[in-house]
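A short write-up of the structure that comes next.
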2 protein chains.
Amino acid sequence: MTIRDVAELAQVSTATVSRALSGAKPVSPAVVDQVRRAADELGYAGNGIASALRRSRTDTVGMVVPSIANPFFTGLVEHVEHALQDAGRQLFLCSSRSDPELEAQRLRSLVARQVDGIIISPVHGSLSTTAVRRAADELPLVQVDRYVTGVDSDWVGVDDDAALELVMEHLADRGVRSAAFVSSQLTNSSTELRVAGFHRHAERLGIAVREEDVLLGEYSIEWGRQAAVTLLAAGPRPDAVVCADDLIALGMLQACAAAGVDVPRDLLVTGFDDIPFAALSHPPLTTVRQPQAEIAAEAVRLLSRVLGAQEAPPSRVALRPSLTVRSSTSR
Amino acid sequence: MTIRDVAELAQVSTATVSRALSGAKPVSPAVVDQVRRAADELGYAGNGIASALRRSRTDTVGMVVPSIANPFFTGLVEHVEHALQDAGRQLFLCSSRSDPELEAQRLRSLVARQVDGIIISPVHGSLSTTAVRRAADELPLVQVDRYVTGVDSDWVGVDDDAALELVMEHLADRGVRSAAFVSSQLTNSSTELRVAGFHRHAERLGIAVREEDVLLGEYSIEWGRQAAVTLLAAGPRPDAVVCADDLIALGMLQACAAAGVDVPRDLLVTGFDDIPFAALSHPPLTTVRQPQAEIAAEAVRLLSRVLGAQEAPPSRVALRPSLTVRSSTSR
DNA sequence: TTGAAAGCGCTAACAA
DNA sequence: TTGTTAGCGCTTTCAA
């Protein structure tokens with residue numbers, strides 16, 4: 001079942017069938033009708049692979065995220081898919097499962113599949129560099145949320161320093177004099193910026209931070225639980241725990257409840273991302289809201305700019321976050 | 001940068017380059033070396049589209065799920081991706097956003113892209129039928145979790161009746177005499193089976209169900225909240241609320257807390273799926289655990305069977321669920 | 001073990 | 001407006 005079968009049945013050339021069905025070039029209405037009828041009759045679907053080879057474009061954008069178990073990334077993906085659809089493009093989604101090797105493999109695969117462009121949130125600030133650069137050399141590429149150093153590509157994300165300013169000022173307003181920070185390992189840009197922001201604003205606001213109260217693990221509920229246990233076992237309890245994402249914060253809240261530590265009476269806790277589940281915890285979580293839809297829209301816009309072959313210096317767009325205040329910080 | 005460039009540099013034919021790089025056909029070690037060197041030097045990546053056209057296979061499986069915001073589906077996707085990787089295949093993920101039209105479009109797109117097979121959790125029991133059948137006519141196709149009527153394809157999911165048996169017997173053990181059910185509209189197989197199972201086992205166990213206490217909306221946190229408001233406003237409160245998925249149950253718990261209804265003292269609540277966040281609510285949620293990894297593995301196995309062109313009558317595999325008991329049902 | 005050559009299904013020049 | 005024709009880059013006969 002190919003375009004030739006349709007052409008024969010419709011008594012026209014294959015070129016005409018192609019033009020009639022794609023609607024790109026002028027074809028007389030009568031012939032279009034004739035071709036459509038023939039195609040319908042045969043149930044002709046078209047071969048996207050052959051078309052892609054000939055046109056050297058796939059109308060597909062690849063996206064690589066560290067995890068699809070994290071609602072922050074799935075939210076981002078949904079918005080990107082939406083934005084892409086308006087541009088008539090499809091999304092090819094890959095998860096790198098926070099593994100630089102798997103990520104490199106995914107990127108190679110996307111390049112081989114000739115996607116038109118790539119949107120990536122790289123796993124690691126340095127270990128991802130080579131693979132990201134290699135992909136960026138072949139294709140338009142935009143980084144979101146996190147970025148690797150040493151690749152000249154566009155980036156969109158949130159202003160992490162501004163986010164921690166919001167958090168720390170809010171905590172200072174609540175009378176917090178000492179704070180802990182729980183995060184993933186410092187292996188990527190946004191994590192680094194969050195830790196740096198935490199320290200900077202803590203110092204500025206006179207909030208004490210003990211070195212052993214900065215705990216680095218990974219972005220997961222389980223690590224939040226473990227960190228809570230560690231934190232509660234060690235010496236004097238700080239007034240607040242600032243978490244680098246909501247998964248960590250939710251694990252933290254659960255472990256606190258289990259340990260009989262009342263949040264917010266005994267301890268304030270904040271998160272980062274404002275995933276849908278942040279409103280459902282006990283107590284509901286105060287957290288930084290990321291402008292997900294805007295990040296997605298901007299990523300797609302940047303990519304389209306590059307796809308349109310418009311040369312421009314790489315943009316770095318840091319969008320302003322806001323703070324969603326809930327009971328985990330309201331005494 | 002094509003295979004010809006590599007061939008020229010390595011002083012061999014394009015056929016030899018292809019054979020050397022794919023490793024499929026015998027090539028002398030010296031030549032392989034020579035070709036590899038040339039490919040590396042040029043940074044040759046290969047064109048998957050051209051290869052796919054020639055071989056008429058893409059080593060890619062498409063997956064279509066109703067939502068990627070629902071952790072149940074993302075969990076399933078992760079397991080499928082894992083299982084597929086072992087078979088050297090990639091996953092092309094699409095979300096139908098619970099829209100049969102969008103779903104039909106995604107399916108057409110996957111067929112056009114010549115994926116080797118499709119794994120789908122169809123949106124709607126009847127509105128999805130045509131699109132699913134059309135895809136199944138072209139390609140190997142396996143349905144997971146939900147299925148449409150009237151398509152002869154394999155299916156893997158959970159035994160919904162057995163699941164509701166577990167839930168209802170657990171509730172009966174807890175002394176429940178009356179129960180409500182909150183679910184999505186009855187537009188797909190598993191939802192129907194869950195409602196039917198609820199009624200059947202309620203009757204069998206002598207648990208009273210008032211008609212107005214069966215609320216149908218959608219699988220979302222928000223609907224869980226709304227249903228709670230409706231339920232709490234209307235007449236005498238039942239002893240328990242059985243929810244058809246965890247999102248609904250989590251919304252329900254939140255709204256109960258807000259309304260001052262103490263779970264489990266005043267009301268028992270159960271969910272379905274056992275997503276990671278079900279353990280973090282207040283109180284933690286009693287829920288049906290779906291054997292996600294097994295469902296995914298079985299789906300991939302069934303698909304591989306069909307891909308291997310082994311004719312077999314369609315299988316319907318209903319895996320046994322288990323019950324995760326937490327505080328939302330423990331007085 | 002290697003090379004020459006055909007052609008996967010489609011679309012874009014070019015010509016009519 | 002339509003047809004003819006030449007490939008897109010690759011793999012796979014077939015022949016050597």
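Just so you know, these numbers use all the heavy atoms, side chains as well, and skip hydrogens, waters and symmetry mates. Here is how names work: the chains are called A, B, and so on, in the same order as the sequence lines, proteins then strands, and each is numbered from 1.
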* Measure the shortest side-chain to side-chain distance between Glu218(A) and Ser98(A) over non-hydrogen atoms and say whether it is less than 4.5 angstrom. => no
* Looking at every strand, decide which applies to Ser56(B) at a 4.0 Å heavy-atom threshold: base, sugar-phosphate, or nothing. => nothing
* Asked: Earliest and latest nucleotide of DNA chain C, 5' to 3', sitting under 4.0 Å from a non-hydrogen atom of chain B?
  -> dT1(C) to dG9(C)
* Asked: To the nearest Å, how far apart are Asn47(B) CG and dG7(D) P?
  -> 18 Å
* Asked: Over its full length, what angle do the end axes of the helix from dT1(C)-dA16(D) to dA16(C)-dT1(D) make, each axis taken from five pairs and the result rounded to 10 degrees?
  -> 30°
* Structure fact -> Rounded to whole Å, CG of Leu53(B) lies from P of dG7(D) at a distance of 17 Å
Using residues 48-55 of chain A as the side-chain source, report each donor-acceptor pair under 3.5 Å to any protein atom, sequence neighbours left out, with the distance given to one decimal.
from     : atom 1 : to       : atom 2 : distance (Å)
Ser51(A) : OG     : Arg55(A) : NE     : 3.3
Arg55(A) : NH2    : Asp59(A) : OD2    : 3.1

* Asked: ring-ring contact (aromatic ring centres under 6.0 Å, His included) with Phe92(B): which residues, sequence neighbours excluded?
  -> Phe92(A)
* To do: List the steps and the verdict of side-chain contact (heavy atoms from CB on, under 4.5 Å) for Leu139(B) and Val111(B).
  => CA-CA 7 Å; Leu139(B) 293 174; Val111(B) 171; 4.0 Å; yes
* Structure fact -> Residues passing the side chain to side chain donor-acceptor pair (under 3.5 Å) test with Gln290(A), sequence neighbours excluded, are Asp273(A)
* Structure fact -> residues 24-34 of chain A vs salt bridge (Lys or Arg N to Asp or Glu O under 4.0 Å), sequence neighbours excluded, gives Asp33(A)-Arg37(A)
* Structure fact -> Residue set satisfying side chain to side chain donor-acceptor pair (under 3.5 Å) with Gln114(B), at least two apart, ordered chain then number -> none
* Taking only residues two or more places apart in sequence, or in another chain, which ones meet Tyr219(A) in a ring-ring contact (aromatic ring centres under 6.0 Å, His included)? -> none
* **Arg36(A): salt bridge (Lys or Arg N to Asp or Glu O under 4.0 Å) partners, not counting sequence neighbours** => none
* Does any pair with a residue in residues 99-112 of chain B pass salt bridge (Lys or Arg N to Asp or Glu O under 4.0 Å), and if so which ones, sequence neighbours excluded? -> Glu81(A)-Arg106(B)
* Please report, rounded to the nearest Å, how far the C1' atom of dC10(D) is from the CD atom of Gln114(B). => 15 Å
* Asked: For Gln11(A) and dG3(D), what is the distance between atoms CD and P respectively, to the nearest whole Å?
  -> 10 Å
* Asked: Given that Ser28(A) and Met1(B) both sit by DNA chain D, which one's nearest nucleotide is further toward the 5' end?
  -> Ser28(A)
* Structure fact -> For Arg133(A), the salt bridge (Lys or Arg N to Asp or Glu O under 4.0 Å) test, sequence neighbours excluded, returns none
* **Per-nucleotide protein contact string for nucleotides 11-16 of chain D (B base, S sugar-phosphate only, - none; heavy atom under 4.0 Å)** => BBB---
